[in-house]
Peer 1: 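Here it is, the structure in full.
Proteins come first, then strands; the chains are lettered A, B, ... in the order of their sequence lines, and each starts at number 1. No hydrogens, no waters, no symmetry mates; every other heavy atom, side chains included, goes into these values. Because the structure is a prediction, the values reported are computed rather than measured.
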Amino acid sequence: MSTELSRTYDPKSYEEKLGAWWEEQGFFKPETQAEMGQLDPDKPPFVIPMPPPNVTGMLHLGHAIMDAIEDFLARAKRQQGHEVLWVPGTDHAGIATQSIVEQFLEESGSSRQAIGRSAFEREVWSWKEEYHGRISGQQRRLGISCDWERERFTLDPNLSRAVRTSFVRLFEEGLIYRGDYLVNWSPKLQTAVSDLEVEYEEREGTLYTFKYRLQDSEEYIPVATTRPETVLGDTGLAVHPEDKRYGGYAGRQVLVPLQDRAIPVVADDSVDLDFGTGAFKITPGHDHTDYEVGQRHGLPQISIFDKNANLNETAGEFAGLSREEGRARIWAAMAAQDLTIKEEPHSVRVPLSQRSGEIIEPMISTQWFVRMKDMAQEARTVVETGQIEIVPSSFVKVYFHWLDNIRDWCISRQLWWGHRIPVWYGPDGQMFCAMDEDAAQDQARLHYGTQTQLAQDEDVLDTWYSSGLWPFSILGWPEQTKDFAKYYPASVLETGYDILFFWVARMIMLGLKLTGQVPFRVVYLHGLVRAEDGRKMSKSEGNAVDPLDIVSEYGADALRLALLTGISPGNDLTVQSSRFENNRNFANKIWNAFRFLMAHAENLKLPLSQPDNDFLTSYELPAANHLTLVDRWILARLAEITQEAEKLLDAWQIGELGKSLYDFIWHELCDWFVEAAKVGLRGADADRSQATAQVLAHVLCQSLRYLHPYMPFLTEAIWQELPGLKTVIPTVMLSRWSAPVDVDTQALRDFNLIQKIVRAIRNLRSEYKIDPGLRLKVQMSSWTRSELLAANGDLLTALARLDSTGCQFGQEAKKTDQCITLNVEDVAIYFPWAGILDMEAEKERMQSQVNDLRRQYERTQALLINTAFTSKAPAHVVVREREKASKLELEVQQIEQRLRELPG
RNA sequence: GGGCGGAUAGCUCAGCUGGUUAGAGCACUUCGUUUACACCGAAGGGGUCGGGGGUUCAAGUCCCUCUCUGCCCACCA
């Protein structure tokens with residue numbers, strides 16, 4: 001058997017095969033779980049809507065962390081008996097996708113305008129097909145256990161219907177409206193974008209100060225601006241009402257430079273007396289602040305730029321110039337008329353288009369908006385009242401702040417790729433909002449009393465509008481489908497904190513409004529993945545790592561474990577390739593523990609247990625009286641892991657649980673138990689080797705269950721090879737985590753002493769450079785643990801490489817002269833080793849140990865004398881300190897006695 | 001300007017509601033090819049938990065303050 005298994009675990013030869021098998025068997029489907037009777041009837045379904053990646057994107061490690069966490073949750077919940085539904089999908093990503101395809105067309109000498117709207121849409125669809133395969137291929141390779149048959153795309157017919165239904169409903173309720181407002185215009189993309197799609201960057205600029213002349217006087221008001229070209233759009237000048245210098249000019253008229261157009265001076269509280277000159281010009285047509293100030297004072301808006309952000313005909317001789325050229329030329333013209341005062345360096349915050357990088361131009365334009373105020377308050381309430389929990393909770397404040405200061409959401413985009421706005425216009429501009437053109441026609445017929453030609457709105461919706469419906473649109477809403485009834489609301493919405501506003505908040509608002517329920521119970525936010533150099537990983541930075549590269553080098557499990565351990569919710573993760581390597585080694589370690597078992601299990605029976613529930617089946621354990629100390633110890637540690645697993649999972653401590661498992665499997669199961677098991681397995685006692693094999697098989701089998709959500713492929717690969725298991729449960733994925741059991745704390749304490757003794761002896765060997773091959777003869781005695789030592793002589797002999805016949809343990813042990821004494825708790829270990837014995841050095845060594853122990857004892861004693869401590873500290877802490885003190889006292893006494901016994 | 005994090009071993013980071021002698025991986029030193037594994041094992045070195053105050057019987061953990069650093073939000077033109 002063992003000869004068939006390779007010495008090193010090779011992920012390549014298992015992962016793809018197992019992934020395909022899981023999917024073919026339908027194990028990722030909730031229906032399969034139910035058919036197989038795997039469900040615990042007391043547990044509710046566990047549902048995750050997968051955040052849909054951009055369909056034309058390529059996944060990088062930032063997506064992989066999402067896949068890893070969600071798959072962890074899905075698998076762990078399945079193993080707890082929940083019915084799990086995890087719905088995958090992709091997002092059409094309006095702007096992002098359209099940009100890519102347009103760029104492609106441009107490279108081949110074409111353009112979307114050249115081929116027209118419908119041909120362009122066909123072009124994008126074909127891109128979608130190609131990239132979609134790549135993304136889902138990447139995800140499958142990571143082994144994610146979502147229900148692929150329920151996969152969705154935001155432009156699917158059903159999802160499009162959900163979009164139109166919601167739009168019509170919100171429109172009819174007056175929550176969606178159309179109007180001319182100042183919006184963020186992206187000149188490169190030729191569309192409006194929402195506030196969230198604008199990023200700000202500090203740049204070195206100039207503050208220009210110039211003169212605003214009064215109409216009927218030689219006086220002027222000095223004004224500072226960073227954008228002198230916008231004077232052409234000025235429709236007012238603001239001063240502070242209490243300003244001694246200019247406050248009095250309020251109500252008078254000033255003349256716009258170069259145009260001599262008269263505009264009013266208004267008094268406004270928002271003017272900062274200490275900044276600039278204490279007066280600012282108002283350009284309501286191209287600045288958000290000015291827009292609001294203008295509204296307050298009833299000032300008109302003038303647009304001076306065209307859609308390319310070049311000056312338009314209102315700029316007269318400057319028409320056609322870009323913003324930058326215009327600025328220089330206009331400033332020069334002002335200087336020529338002696339209107340300029342000074343220029344000084346000034347750092348400015350420039351608004352940039354998130355997608356295309358160029359400077360955003362605020363412009364008045366006709367757009368569609370969603371009224372946010374009331375929806376935002378409801379979205380606040382559900383978090384306040386705990387109907388939705390945000391993990392980690394530190395994001396609650398951020399969420400509230402955003403909702404409290406929300407502005408209406410501009411949802412129309414001047415693009416071709418997306419959900420077209422379901423509104424049709426009559427010849428007179430009358431709007432008909434309807435599910436489709438027929439329904440619009442019906443409305444029009446009623447309105448006009450006759451058949452009329454209608455034209456649909458040209459714009460499409462912000463891509464986040466359709467993703468805002470995701471948790472319910474993927475389940476069939478607005479139809480009352482079975483899935484919707486059963487799986488809505490979702491259990492967890494897991495995503496990166498960077499899209500809390502973009503996506504999470506909007507899903508909550510739209511979910512509450514449209515379904516009357518919260519869309520999910522928990523929001524779990526993960527951190528960003530940073531590259532090894534600490535920078536944020538992203539495609540535009542050029543440092544994005546393709547998960548497949550890591551997978552092919554180290555295996556998917558190694559990658560997943562690296563993304564799942566060492567993380568805590570909301571905290572960023574810096575990936576280090578050393579972690580991948582280490583985790584690959586870990587996989588190999590487990591593989592070899594399994595090979596070890598198989599090599600020794602060949603001739604042994606590994607009977608399966610007979611629990612009430614097949615999904616709990618494991619290897620049967622020997623009767624309690626056949627268990628050795630090591631057996632009891634490893635089972636006690638397993639019991640602790642069992643307790644921890646559920647607790648940590650409930651607290652979202654995925655990283656901590658992963659680390660516990662790693663340490664348990666490598667440093668306890670492999671380093672200690674397997675080493676100790678060699679004694680039993682190779683001994684002559686057939687019952688004992690049988691028992692040892694059973695314990696090892698049991699612990700390994702259980703470990704695989706807990707490790708499975710982290711390393712699904714490795715655990716499945718081993719599961720498939722372990723004798724008997726797969727005939728009961730076909731896959732580790734559907735096996736159940738055990739209910740917590742009692743921990744044998746005595747075994748933990750006892751074995752802990754054995755470990756300390758073994759370490760002390762190994763340490764001594766190393767310190768004295770004793771030939772590693774040499775079997776030591778020792779005497780080991782103790783006042784209180786004599787029986788333990790006597791019962792575990794074999795174990796100590798094997799682990800510490802002692803002489804199998806020349807040692808005595810417990811009562812029989814005798815101190816000899818001329819020896820080194822090791823003191824471990826109250827155990828004395830005597831080495832008759834005259835050859836290396838330097839009596840003075842030996843005394844010193846023991847004396848320093850005594851001093852050290854005495855210091856500890858005194859510290860503990862001081863604590864116990866302190867009545868403040870004994871009266872205020874919890875009982876178990878006091879007890880622990882008492883036990884510690886008496887143990888230390890005993891140790892000190894013993895070592896001192898041994899010191900006195902030393903000759904000289 | 002407001003808000004939220006971070007600062008723990010040479011590096012990257014864990015450390016949950018305060019309670020053993022603060023941990024891991026990598027790196028480092030020494031030793032070891034013992035038939036699960038050299039993608040290994042054993043033994044070690046290395047930290048006054050950013051500085052300073054405070055609360056407490058007890059502080060890496062709670063409070064205040066300072067320094068450095070990252071991010072988010074914001075109408076100083």
Side-chain angles (χ1 to χ4, degrees), chain A residues 2 5 7-9 200 207 223-227 230 238 270-272 274-283 287-293 346 348-349 392 394-395 397-398 401-402 405 497-498 500-501 528 530 532 534 536 554 558 562 565-568 570-579 581-600 647-648 651-653 655-656 659 662-663 667 670-671 674-675 678 682 759 762-767 769 772-773 801 852 856 859-860 863 866-874 876-878 880-881 883-884:
Chain A
S2 63
L5 302 169
R7 284 165 69 90
T8 51
Y9 172 63
Y200 293 87
L207 188 64
V223 174
T225 182
T226 53
R227 300 191 61 190
T230 62
S270 71
V271 178
D272 181 345
D274 298 325
F275 186 83
T277 63
F280 69 80
K281 60 192 222 43
I282 308 167
T283 319
D287 183 282
H288 285 103
T289 312
D290 294 6
Y291 180 80
E292 283 172 26
V293 177
H346 179 65
V348 288
R349 215 167 138 259
S394 51
F395 282 100
K397 242 179 150 168
V398 185
H401 183 261
W402 187 73
N405 296 286
Y497 64 72
D498 52 333
L500 178 62
F501 306 144
L528 269 37
R530 296 182 178 283
E532 212 146 352
K536 177 180 172 177
Y554 302 101
T565 52
I567 60 162
S568 53
N571 285 338
D572 294 353
L573 172 74
T574 308
V575 294
Q576 297 199 111
S577 55
S578 65
R579 299 273 309 263
E581 192 176 328
N582 185 242
N583 291 338
R584 177 204 58 189
N585 297 353
F586 179 52
N588 191 50
K589 190 76 186 172
I590 300 167
W591 179 253
N592 274 287
F594 155 67
R595 281 180 65 224
F596 173 81
L597 170 71
M598 296 310 281
H600 292 88
K647 224 173 63 190
L648 290 174
W652 306 97
Q653 301 274 337
E656 283 298 291
K659 220 165 67 172
Y662 179 96
D663 287 341
H667 299 301
C670 293
D671 288 350
V674 168
E675 288 312 308
K678 289 173 181 171
R682 290 179 191 151
R759 287 202 185 101
R762 287 171 177 169
N763 174 302
L764 179 114
R765 300 182 78 119
S766 169
E767 226 169 85
K769 307 226 185 305
R801 300 186 65 73
D852 191 49
Q856 283 184 49
R859 196 167 50 216
T860 312
L863 209 51
N866 187 344
T867 51
F869 171 74
T870 48
S871 62
K872 288 181 181 171
H876 73 274
V877 175
V878 178
R880 197 174 54 210
E881 291 302 317
E883 282 171 358
K884 197 164 112 188

Peer 1: Is the phosphate of B:A36 approached by A:R682 (side-chain N or O, under 4.0 Å from OP1 or OP2)?
Peer 2: yes
Peer 1: Contact class for A:R579 vs. all strands (heavy atom < 4.0 Å): base, sugar-phosphate, or nothing?
Peer 2: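 Counting heavy atoms under 4.0 Å across all strands, no contact is made by A:R579.
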Peer 1: Going by the angle between their ring planes, with limits at 30° and 60°, are A:F586 and A:Y662 parallel, tilted or perpendicular?
Peer 2: tilted
Peer 1: Which of these nucleotides, B:G25, B:C72, B:G19, is closest to any side-chain atom of A:V398?
Peer 2: B:C72
Peer 1: With A:R584 as the cation and A:Y554 as the aromatic partner, state whether NZ or CZ is under 6.0 Å from the six-membered ring centre and within 45° of the axis.
Peer 2: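 Pair A:R584/A:Y554 does not count as cation-pi.
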Peer 1: Any side-chain N or O of A:T860 under 4.0 Å from OP1/OP2 of B:U20?
Peer 2: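 No, no such contact exists.
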Peer 1: What is the distance, to the nearest angstrom, from the CD atom on A:Q576 to the P atom on B:C26?
Peer 2: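 That distance rounds to 11 Å.
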Peer 1: If you only use heavy atoms from C-beta on, which nucleotide in B:C73, B:A77, B:A36 is closest to the side chain of A:H600?
Peer 2: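 When the side chain of A:H600 is considered, B:A36 is the closest of B:C73, B:A77, B:A36.
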Peer 1: Does the side chain of A:H667 come under 3.5 Å of the side chain of A:D663 through a donor N or O and an acceptor N or O?
Peer 2: no
Peer 1: If you check the A:F869 side chain, which of B:C37, B:G19, B:A42 turns out closest?
Peer 2: B:G19
Peer 1: Do the side chains of A:E881 and A:K884 get close enough for a salt bridge, i.e. N-O under 4.0 angstrom?
Peer 2: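 A salt bridge links A:E881 with A:K884.
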Peer 1: Could you check whether A:D290 gets within reach of a base, just the sugar-phosphate, or nothing at all, counting any heavy atom under 4.0 Å?
Peer 2: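 It contacts nothing in the nucleic acid.
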Peer 1: In Watson-Crick or G-U wobble terms, both distances under 3.5 Å, what is the partner of B:G5?
Peer 2: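 Matched B:G5 with B:U69 under the 3.5 Å cut-off.
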Peer 1: Taking any heavy-atom pair under 4.0 Å as a contact, classify A:K397: base, sugar-phosphate, or nothing.
Peer 2: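 Contact class for A:K397: sugar-phosphate only.
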Peer 1: Ignoring the backbone of A:V674, work out which of B:A36, B:G15, B:C37 is nearest its side chain.
Peer 2: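 Closest of the options to the side chain of A:V674: B:A36.
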Peer 1: What nucleotide, of B:G15, B:C31, B:A77, holds the atom closest to the side chain of A:H346?
Peer 2: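 Nucleotide nearest to A:H346's side chain: B:A77.
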Peer 1: Taking any heavy-atom pair under 4.0 Å as a contact, classify A:A651: base, sugar-phosphate, or nothing.
Peer 2: nothing
Peer 1: Determine the contact category for A:E675: base if any of its heavy atoms lies under 4.0 Å from a base atom, sugar-phosphate if only primed atoms, P, OP1 or OP2 are that close, otherwise nothing.
Peer 2: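 If one applies the 4.0 Å heavy-atom cut-off, A:E675 turns out to touch a base.
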Peer 1: Contact class for A:T289 (heavy atom, under 4.0 Å): base, sugar-phosphate, or nothing?
Peer 2: base
Peer 1: Which residue, A:N585 or A:K281, contacts RNA chain B at a nucleotide closer to its 5' end, judged by nearest heavy atom?
Peer 2: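 The residue whose closest nucleotide sits nearer the 5' end is A:N585.
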Peer 1: If the P atom of B:U61 is compared with that of B:U8, how far apart are they to the nearest Å?
Peer 2: 14 Å
Peer 1: Out of B:A43, B:C39, B:C75, which has the shortest distance to the side chain of A:E292?
Peer 2: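 Shortest atom-to-atom distance from the side chain points to B:C75.
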Peer 1: Nearest nucleotide by nearest heavy atom, which residue falls closer to the 5' end of RNA chain B, A:W402 or A:N582?
Peer 2: A:N582
Peer 1: Please state whether the phosphate of B:U21, meaning OP1 or OP2, lies under 4.0 angstrom from any side-chain nitrogen or oxygen of A:K884.
Peer 2: yes
Peer 1: For the side chain of A:R801, counting heavy atoms from C-beta on, which of B:U34, B:C39, B:G32 is nearest?
Peer 2: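 For A:R801, the side-chain atoms sit closest to B:U34.
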Peer 1: So for A:R759 and B:A42, does any side-chain atom that can act as donor or acceptor lie under 3.5 Å from a complementary atom in the base?
Peer 2: no
Peer 1: Can you measure A:D272 atom CG to B:C76 atom C1' for me and round it to whole angstrom units?
Peer 2: 5 Å
Peer 1: Can a donor-acceptor pair under 3.5 Å be found between the side-chain atoms of A:K589 and the base atoms of B:C37?
Peer 2: yes
Peer 1: Establish, with yes or no, whether the OP1 or OP2 oxygen of B:C40 is under 4.0 angstrom from a side-chain nitrogen or oxygen of A:H667.
Peer 2: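 Result: no.
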Peer 1: Check whether any side-chain nitrogen or oxygen of A:H288 sits under 4.0 Å from OP1 or OP2 of B:A74, and answer yes or no.
Peer 2: no
Peer 1: Could you check whether A:R595 and A:N592, counting side-chain N and O atoms only, form a donor-acceptor pair closer than 3.5 Å?
Peer 2: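 The answer is yes; a qualifying pair exists.
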Peer 1: Between the base of B:A58 and the side chain of A:E881, is one N or O donor paired with an acceptor at under 3.5 angstrom?
Peer 2: no
